[in-house]
Asker: 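Got a structure for you, written out below as structure tokens; questions coming shortly.
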Amino acid sequence: NAGVTQTPKFRVLKTGQSMTLLCAQDMNHEYMYWYRQDPGMGLRLIHYSVGEGTTAKGEVPDGYNVSRLKKQNFLLGLESAAPSQTSVYFCASSYPGGARAFFGQGTRLTVV
Amino acid sequence: QQQVKQSPQSLIVQKGGISIINCAYENTAFDYFPWYQQFPGKGPALLIAIRPDVSEKKEGRFTISFNKSAKQFSLHIMDSQPGDSATYFCAALFSGGYNKLIFGAGTRLAVHP
């Protein structure tokens, strides 16, 4: 029973490099989310998706892109990483209208 | 501008005491108010949730109190235990249309034995 799986768990990037974070869920959830967690800022919504092929901007979308080509996967891309994107990134999924979002274990990203 | 404001940022409580965390929101379109608990190195997990047509919800030692007119809600942890030490996030949800779950800044709770 995997739930929500994030890949990778840790990554160090140099400024200007690109990378993709992968989120996979096996609960057949329609909705998926990407959050970033920073000290004192809580969890801030980057982008989200309400179904396969759809994406929408959250609170802090700048510098990120996402894709939802398959229902079970939600990809978060950083085209040109900046030190301000150093953070812990969480993916989550849920049923429509539900307050219960299931979170992955997080990806700790450091941009130097 | 945070849509959900949470306080305090950190809280220290003695074992057996009551932990109280407060949240306030502005947007009356929110229609579901969950609380999440996060242990170090883990993702947040749903603890308890309430809808705005209910003033209080209790699950074991955890209680949500909701004041719709004041646009405030709070989490009370009765008989706090060291195992409750974690970060707690309040959140608010637009469940209609696009399902957006917005979180507060979090409260780091430490329960001392």
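Just so it is clear, the model here is predicted, and its values are computed rather than measured. Chain naming here is simple, since letters A, B, ... match the order of the sequence lines and numbering starts at 1 in each.
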Asker: Consider only side-chain heavy atoms of I, L, V, M, F, W and Y, link residues closer than 4.5 Å, and tell whether A:Leu22 and A:Leu13 are in one cluster.
Answerer: no

Asker: With only heavy atoms counted, which part of B:Phe33 is less than 4.5 Å from chain A, the side chain, the backbone, both or neither?
Answerer: neither

Asker: Do the non-hydrogen side-chain atoms of A:Arg100 and B:Tyr32 ever get within less than 4.5 Å of each other?
Answerer: no

Asker: Would you say that A:Tyr35 contacts B:Leu101 through its side chain, given a criterion of any heavy-atom pair below 4.5 Å between the two side chains?
Answerer: yes

Asker: Looking only at side-chain N and O atoms, does A:Glu59 offer a donor or acceptor that is under 3.5 Å from a partner on B:Gln3?
Answerer: no

Asker: Does B:Gln9 have more than 12 heavy atoms from other residues, nucleotides or ligands lying within 6.0 Å of its CD?
Answerer: no

Asker: Heavy-atom distance under 4.5 Å to chain A: side chain of B:Leu93, backbone, both or neither?
Answerer: side chain

Asker: Among the clusters formed by ILVMFWY side chains lying less than 4.5 Å apart, do B:Leu109 and B:Val4 turn up in the same one?
Answerer: yes

Asker: How far apart are the closest heavy atoms of A:Gly40 and B:Ala105, and which atoms are they?
Answerer: O-CB, 3.6 Å

Asker: Answer yes if A:Val88 and A:Tyr33 sit in the same cluster of Ile, Leu, Val, Met, Phe, Trp and Tyr residues linked by side chain heavy atoms under 4.5 Å apart, and no otherwise.
Answerer: yes

Asker: Does any heavy atom of chain B fall under 4.5 Å from the side chain of A:Glu30, the backbone, both, or neither of them?
Answerer: neither

Asker: Looking at chain A, which one of B:Ala92, B:Gly106, B:Ala91, B:Pro44 has the largest number of heavy-atom pairs inside 4.5 Å, strictly under?
Answerer: B:Pro44

Asker: Do B:Ile21 and B:Leu47 land in one hydrophobic cluster if side-chain heavy atoms of ILVMFWY residues count as linked below 4.5 Å?
Answerer: yes

Asker: Near A:Glu79 CD, under 6.0 Å, is it more than 12 heavy atoms from other residues, nucleotides or ligands?
Answerer: no

Asker: Rounded to the nearest 0.5 Å, what's the gap from CD on B:Gln38 to CZ on A:Phe90? Could you check?
Answerer: 4.5 Å

Asker: When hydrophobic residues are tied together by side-chain contacts of less than 4.5 Å, even through go-betweens, does A:Ile46 share a cluster with A:Tyr48?
Answerer: no

